[in-house]
Amino acid sequence: GNSVTQMEGPVTLSEEAFLTINCTYTATGYPSLFWYVQYPGEGLQLLLKATKADDKGSNKGFEATYRKETTSFHLEKGSVQVSDSAVYFCALNENNQGGKLIFGQGTELSVKP
Amino acid sequence: DAGVIQSPRHEVTEMGQEVTLRCKPISGHNSLFWYRQTMMRGLELLIYFNNNVPIDDSGMPEDRFSAKMPNASFSTLKIQPSEPRDSAVYFCASSQDQGRTDTQYFGPGTRLTVL
């Protein structure tokens, strides 16, 4: 079945460090891929998405490229801030699943001043 | 624009009691989703509706859980009777439609504690 695997957290970085959170997926069709962010005590917010191979999603300095050959959608940011501390979820939505999002387990990021 | 609205934000109840969670989706959105989040199981889709009709309820844990969407602007998730293992954060989300590219917008969640 479809699944999403993320690198385990927590990830602790100093401010202005480079961030990578790995995400790989398994899907039988042609999924759309998403990164959601959850700040403490809040619901999930869409961070970025990509709907076909080689697409790059970007928002707020974060980027992720849809790599079909490696079935990956790694999240990157060149210089993190304390305000980026949150839990990040990778997710896929495959065409034949209707509206169903399959989430990874989440990666907690903590950025220290 | 108002986002997805959920109520209550927090609910504490005793085992055996009935619990009703409420959701108002974003106006104009045709699809509504109920998720449950726990440390052990992460985020799980419980059920989703399209145009007020339940499409996939395969994630509903058991008969104690039921969900309704009587109109386009309101949905409920009911647990009767509740059990301690139902303690979790329950999220409602809505999207324009149910296509694979549609973004789901999440509410703030209801934190349920069953004693």
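Each chain gets a letter, A, B and so on, in the order the sequences are listed, and its residues count up from 1. All values reported here derive from a predicted model rather than from experimental measurement.
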Among Glu44(B), Gln37(B), Arg9(B), Arg41(B), which residue forms the greatest number of heavy-atom pairs with chain A at distances under 4.5 Å? Gln37(B)
Evaluate side chain to side chain contact (heavy atoms under 4.5 Å, CB included) for Phe89(A) paired with Leu43(B), printing each intermediate quantity in order. CA-CA 9 Å; Phe89(A) 291 91; Leu43(B) 270 162; 4.0 Å; yes
For Gln81(A), look at atom CD and say whether over 12 heavy atoms of other residues, nucleotides or ligands are found less than 6.0 Å away. yes
For Glu16(A), is the CD atom crowded, meaning more than 12 foreign heavy atoms sit under 6.0 Å from it? no
Can you get from Leu109(A) to Tyr39(A) by hopping between Ile, Leu, Val, Met, Phe, Trp and Tyr side chains that sit under 4.5 Å apart? yes
With rounding to the nearest 0.5 Å, note down the distance linking CD in Gln104(B) to CZ in Phe34(A). 7.5 Å
Please examine the side chains of Phe103(A) and Leu45(B), heavy atoms only from C-beta on, and report whether any two atoms are closer than 4.5 Å. no
Which value, rounded to the nearest 0.5 Å, describes the distance between Ser58(B) atom OG and Lys100(A) atom NZ? 4.0 Å
How long is the gap from OG on Ser95(B) to CG on Asn93(A), to the nearest 0.5 Å? 8.5 Å
If Ile, Leu, Val, Met, Phe, Trp and Tyr residues are connected whenever their side-chain heavy atoms lie under 4.5 Å apart, and connections chain through other members, are Ile21(A) and Tyr25(A) in the same group? yes
To check you understand the geometry: which heavy-atom pair defines the closest contact between Gln38(A) and Phe91(B), and what is its length? NE2-CZ, 3.3 Å
If I take atom CG from residue Leu101(A) and atom OH from residue Tyr48(B), how far apart are they, to the nearest 0.5 angstrom? 10.5 Å
Cluster question for you: counting only ILVMFWY and a side-chain heavy-atom cut-off of under 4.5 Å, with indirect links fine, are Val19(B) and Tyr35(B) together? no
Let me check something: do Ile26(B) and Ile5(B) share a hydrophobic cluster, defined by ILVMFWY side-chain heavy atoms less than 4.5 Å apart, either directly or through other members? no
Sub-4.5 Å heavy-atom contacts with chain A: which residues of residues 108-115 of chain B show up? Pro108(B)
Under the side chain to side chain contact (heavy atoms under 4.5 Å, CB included) criterion, do Thr103(B) and Tyr36(A) qualify, and how do the steps go? CA-CA 10 Å; Thr103(B) 297; Tyr36(A) 279 85; 4.0 Å; yes
Are Phe106(B) and Val89(B) grouped together when hydrophobic residues (ILVMFWY) are joined by side-chain heavy atoms under 4.5 angstrom apart? yes
Rounding to 0.5 Å, atoms CG (Leu44(A)) and OH (Tyr105(B)) come to a distance of 13.5 Å
Listed by residue number, which members of residues 71-81 of chain B have a heavy atom under 4.5 Å from any heavy atom of chain A? none
Heavy-atom distances under 4.5 Å only: say whether Glu42(A) touches chain B with side chain, backbone, both or neither. backbone
